[in-house]
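Working notes, beginning with the structure itself.
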Amino acid sequence: MGVPKYRITLTEDERKILNRIVRKQTASQNIVRRARIILRADEGRQRKAIAAELGIEEHSVTPWIKRWLDRQKDAVMERLQDLPRSGAPGVITPEQWCQIVAMSCEKPSEYGLPITDWTHRELAREAIKQGIVDA
């Protein structure tokens with residue numbers, strides 16, 4: 001086996017935090033997977049071996065190792081988080097989504113519509129009519 005392209009050497013504190021994350025029952029599985037990638041990289045394992053052990057694609061390993069190395073000044077949990085995504089922010093708030101989902105659970109006839117099931121178009125039209133969203 002060769003030497004890994006990106007070498008991680010964890011401090012004892014980082015290793016403790018990562019192991020705690022892996023054992024935590026309520027931790028997000030994405031965060032746990034990332035912590036496991038970093039712990040295995042610290043052990044000197046190569047990308048292919050890490051991917052095989054974790055049952056993930058090889059191309060999923062390197063970005064997290066690189067991010068770990070690139071963000072060394074950040075706290076452990078920050079290094080395991082997704083970065084903000086590019087593009088326009090969402091136009092519908094979580095509250096609006098909840099209202100639309102709640103409306104979709106009701107019968108269209110309760111809104112005076114002569115249909116038995118909601119279509120996307122009718123649901124959107126009614127959400128606008130009810131003032132939940134502007135467009």
Side-chain angles (χ1 to χ4, degrees):
M1 282 242 214
V3 177
K5 184 175 180 179
Y6 301 103
R7 183 74 177 116
I8 288 181
T9 305
L10 296 174
T11 66
E12 193 57 39
D13 284 341
E14 289 172 332
R15 197 173 294 111
K16 284 178 185 176
I17 293 168
L18 289 168
N19 278 309
R20 204 174 311 131
I21 290 168
V22 167
R23 289 189 310 268
K24 191 174 181 181
Q25 295 288 325
T26 58
S28 155
Q29 288 306 300
N30 286 334
I31 299 296
V32 170
R33 184 179 311 110
R34 295 164 192 170
R36 285 184 171 138
I37 289 170
I38 302 307
L39 285 166
R40 282 168 175 76
D42 176 58
E43 294 168 355
R45 291 193 173 95
Q46 291 190 342
R47 179 180 73 159
K48 191 173 191 168
I50 294 170
E53 288 175 33
L54 299 179
I56 59 176
E57 298 291 328
E58 283 183 53
H59 64 81
S60 300
V61 175
T62 303
W64 288 106
I65 292 173
K66 285 176 65 177
R67 184 175 302 170
W68 183 266
L69 293 169
D70 291 344
R71 300 182 67 195
Q72 289 182 356
K73 289 183 169 62
D74 294 339
V76 170
M77 276 305 289
E78 288 178 33
R79 293 160 90 176
L80 299 175
Q81 299 291 330
D82 285 316
L83 294 175
R85 303 221 182 242
S86 62
V91 237
I92 299 178
T93 67
E95 292 80 15
Q96 290 169 317
W97 274 118
C98 289
Q99 290 176 307
I100 293 169
V101 169
M103 188 170 62
S104 73
C105 294
E106 297 172 359
K107 296 198 178 296
S109 60
E110 294 178 29
Y111 292 89
L113 298 171
I115 55 175
T116 57
D117 296 305
W118 288 108
T119 64
H120 292 113
R121 182 170 284 135
E122 289 296 333
L123 192 57
R125 208 176 278 144
E126 192 61 30
I128 293 167
K129 183 179 167 187
Q130 296 295 321
I132 297 171
V133 292
D134 294 329

Considering non-hydrogen atoms only, spot the tightest contact between [X] and [Y] and give its length.
{"X": "Tyr111", "Y": "Met103", "answer": "OH-CG, 3.4 Å"}
{"X": "Glu126", "Y": "Leu113", "answer": "OE1-CD1, 4.1 Å"}
{"X": "Arg40", "Y": "Ile50", "answer": "CB-CG1, 3.8 Å"}
{"X": "Leu39", "Y": "Arg15", "answer": "CD2-CG, 4.0 Å"}
{"X": "Ile21", "Y": "Met77", "answer": "CD1-SD, 3.4 Å"}
{"X": "Ile38", "Y": "Ile65", "answer": "CD1-CA, 4.1 Å"}

Ile31 and Gln81: side chain to side chain contact (heavy atoms under 4.5 Å, CB included), yes or no, with the steps? CA-CA 7 Å; Ile31 299 296; Gln81 299 291 330; 3.9 Å; yes
I want to check something: taking the side chain as every heavy atom from C-beta on, are Arg79 and Asp70 in contact at a cut-off of under 4.5 Å? no
With heavy-atom distances below 4.5 Å as the criterion, would you say the side chains of Val91 and Val133 are in contact?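 Contact flag for Val91/Val133 side chains = no.
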Which distance, rounded to the nearest 0.5 Å, do you find between the [atom1] of [X] and the [atom2] of [Y]?
{"X": "Arg36", "Y": "Asn19", "atom1": "CZ", "atom2": "CG", "value": "10.0 Å"}
{"X": "Glu78", "Y": "Lys73", "atom1": "CD", "atom2": "NZ", "value": "13.5 Å"}
{"X": "Ser104", "Y": "His120", "atom1": "OG", "atom2": "NE2", "value": "9.5 Å"}
{"X": "Gln72", "Y": "Ile8", "atom1": "CD", "atom2": "CD1", "value": "9.0 Å"}
{"X": "Glu58", "Y": "Arg47", "atom1": "CD", "atom2": "CZ", "value": "4.5 Å"}

Salt bridge (charged side-chain N to carboxylate O under 4.0 Å, His left out), that's the test. Do Arg34 and Asp82 meet it? Break it down for me. CA-CA 10 Å; Arg34 295 164 192 170; Asp82 285 316; 2.9 Å; yes
Let me see the working for Val76 and Trp68 under side chain to side chain contact (heavy atoms under 4.5 Å, CB included), right down to the final yes or no. CA-CA 9 Å; Val76 170; Trp68 183 266; 3.9 Å; yes
Flag, side chain of Arg7 to backbone of Ala41, donor-acceptor distance under 3.5 Å: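 At least one qualifying donor-acceptor pair exists.
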When you measure from the side chain of Gln96 to the backbone N and O of Thr93, does any donor-acceptor pair fall under 3.5 Å?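 Yes; at least one donor-acceptor contact below 3.5 Å.
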Just do the side chain to side chain contact (heavy atoms under 4.5 Å, CB included) check on Arg71 and Leu83 with the steps written out, would you? CA-CA 11 Å; Arg71 300 182 67 195; Leu83 294 175; 3.3 Å; yes
Taking atom CD as the centre, does Glu57 end up with more than 12 heavy-atom neighbours from other residues, nucleotides or ligands that are less than 6.0 angstrom away?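 No.
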